[in-house]
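Comments concern the structure below.
Predicted model only: the values in this text are computed from it and were never measured.
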Amino acid sequence: MSVFSSESFDDHEHVAFGCDAETGLRAIIAVHSTVLGPALGGCRMWAYASDAEALTDVLRLSRGMSFKNALADLPWGGGKSVLIGNAKTDKTPAMMRAMGRFVDSLGGRYITAEDVGTSPDDMFEMAKETKHVRGVKGVGFDPSPGTAYGVFKGIEASVRERLGAADLKGIRVAVQGLGHVGYDVARQLHAAGAELTVTDIDSAAVQKAEAELNATAVGLDAIYDADVDVYTPCALGATINDATVDRIKASVVAGAANNQLAEDRHGDRLAERGILYAPDYVINAGGVIHIYHEGPNFDRKAAFDHIGGIANTLTRIFARAKRDGVATHIAADRQAQDRLRPVAHAAE
């Protein structure tokens, strides 16, 4: 396993590997950029099939955080961390404290927060060992409602752009993944009048959506074939790949998952098919914006007004994509690079 020869390596500033034999900690922290400030990004725990898979994930996610924070107009760079293991069976408070010590070893260059497989309770344990953590239970706030709200507003903007619809009444949405964020997105869509098709590995979550949100359940693989207007991926990334990109019937792809495109060419293919893609790191930035506002003087209205601006950012990206004649993921990258470039030049 080599970092520098990895296809996902993008001139990352720092990649660190952490191990704690006593707690079973196996973790990687990737700092992509600190041009705009300390690198902030969540800590994900997942049972990766290999160390190489974990490295690929942390490299891709950290780069996405650089662009996400830049387009959210936040004074942070981009980073990410991954814990290798099953969050339901392997995680312990002691392991989380060991992770806190690992984060602290970078001296503030990286700031962590919750992600898939971790929670505000885990951040509370990490905070016993480091001050470089956000979203701590009892101290900060759970950022997942912010993420969900931003995705909801992004879906509204995308539907308006692609379908010309003034609201979501009668819009058919396929939600893939009903975790904390995915279920909240589905709840807001239902409240807005959307018709839901859902899937998740957790049958209890699916049954809850059927009962509470009048959702139609389909199998994990059948979600790609759903006859809907919007495909909303809210689970893990790379669900838009060679096996799925031509199966999607939706006119819009807009969801909470990170790294939805297995490769950039899949974004090109969506554009070729006339499918509007809301770049993932733009539409799912509500959580990190929420984290930015957290603290003793937290103003919920100010935070959610800031998050609501994701809709305007997406609209500008859609316009740039048309102007430049490129797919929306390329337009978003260019917009983020414009945000980073002046600072980089000033430092030279």
Count I, L, V, M, F, W, Y as connected when their side-chain heavy atoms are under 4.5 Å apart, and connections chain through other members. Are [X] and [Y] then in the same cluster?
X    : Y    : result
L261 : Y281 : no
M123 : L61  : no
I223 : L189 : no
Y292 : V181 : yes

If I take atom [atom1] from residue [X] and atom [atom2] from residue [Y], how far apart are they, to the nearest 0.5 angstrom?
X    : Y    : atom1 : atom2 : result
D57  : N259 : CG    : CG    : 6.5 Å
T112 : D122 : OG1   : CG    : 10.0 Å
T239 : L220 : OG1   : CG    : 12.0 Å
I84  : C19  : CD1   : SG    : 10.0 Å
S2   : L55  : OG    : CG    : 8.5 Å
Y231 : R247 : OH    : CZ    : 10.0 Å

Give me the atom names and distance for the closest heavy-atom approach of [X] to [Y].
X    : Y    : result
L163 : S251 : CD2-CB, 3.9 Å
P233 : V253 : CD-CG1, 4.3 Å
A30  : S62  : O-CB, 3.4 Å
L314 : A278 : CD2-CB, 4.0 Å
M99  : M126 : CG-CE, 3.6 Å
L196 : A186 : CD1-O, 3.4 Å

| said: Tell me if the centroids of the rings in H266 and Y277 come within less than 6.0 Å of each other. | reply: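 No.
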
| F9 ring center within less than 6.0 Å of H12 ring center | yes

Does the side chain of [Y] come within less than 4.5 Å of [X]'s, by heavy atoms?
X    : Y    : answer
L83  : C43  : yes
S6   : L59  : yes
I275 : I248 : yes
V206 : T199 : no
V288 : N69  : yes
T328 : F318 : yes
L71  : I317 : yes
D20  : M95  : no

Residues [X], [Y]: salt bridge by 4.0 Å N-O rule:
X    : Y    : result
D115 : K80  : yes
D10  : R63  : yes
D242 : R265 : yes
E294 : R300 : no
D305 : K301 : yes
R187 : E212 : no

Check for a donor-acceptor pair, side chain of [X] on one end and backbone N or O of [Y] on the other, with a separation under 3.5 Å.
X    : Y    : result
H14  : V31  : no
S50  : E53  : yes
D229 : R172 : yes
T130 : A127 : no
D280 : Q260 : yes
H132 : V103 : no
T232 : A254 : yes
E114 : G42  : no
R60  : S8   : no
T313 : G309 : yes

Are side-chain N/O atoms of [X] and [Y] paired as donor and acceptor at under 3.5 Å?
X    : Y    : result
Q188 : Y149 : no
E13  : T34  : yes
H293 : D299 : no

Inspect the surroundings of [atom1] in [X] and state if more than 12 heavy atoms from other residues, nucleotides or ligands are less than 6.0 Å away.
X    : atom1 : result
Y224 : OH    : yes
I201 : CD1   : no
K249 : NZ    : yes

| Full working for salt bridge (charged side-chain N to carboxylate O under 4.0 Å, His left out) between R273 and D268 | CA-CA 9 Å; R273 297 190 58 216; D268 296 332; over 6 Å; no

| Is there a side-chain contact (heavy atoms from CB on, under 4.5 Å) between K91 and M45 once you walk through the steps? | CA-CA 9 Å; K91 185 170 62 178; M45 186 168 187; 3.8 Å; yes

| request: With ring-ring contact (aromatic ring centres under 6.0 Å, His included) as the test, would you mind laying out the steps for H329 and F67 before giving the verdict? | output: CA-CA 11 Å; H329 67 285; F67 286 9; over 10 Å; no

| Chi angles and distances behind the side-chain contact (heavy atoms from CB on, under 4.5 Å) call for L178, V198 | CA-CA 8 Å; L178 295 170; V198 301; 3.9 Å; yes

| Contacts of E272 that satisfy salt bridge (charged side-chain N to carboxylate O under 4.0 Å, His left out) - sequence neighbours left out | R269

| said: Does K128 form a salt bridge (charged side-chain N to carboxylate O under 4.0 Å, His left out) with D104? I'd like the steps, not just the answer. | reply: CA-CA 11 Å; K128 294 177 180 178; D104 202 62; over 6 Å; no

| Where do V252 and E161 land on the side-chain contact (heavy atoms from CB on, under 4.5 Å) test, with the steps shown first? | CA-CA 9 Å; V252 171; E161 174 74 21; over 6 Å; no

| Verdict with reasoning, R339 to D73, per salt bridge (charged side-chain N to carboxylate O under 4.0 Å, His left out) | CA-CA 8 Å; R339 170 87 171 91; D73 198 25; 3.2 Å; yes

| request: List the steps and the verdict of side-chain contact (heavy atoms from CB on, under 4.5 Å) for W46 and V82. | output: CA-CA 7 Å; W46 193 255; V82 296; over 6 Å; no

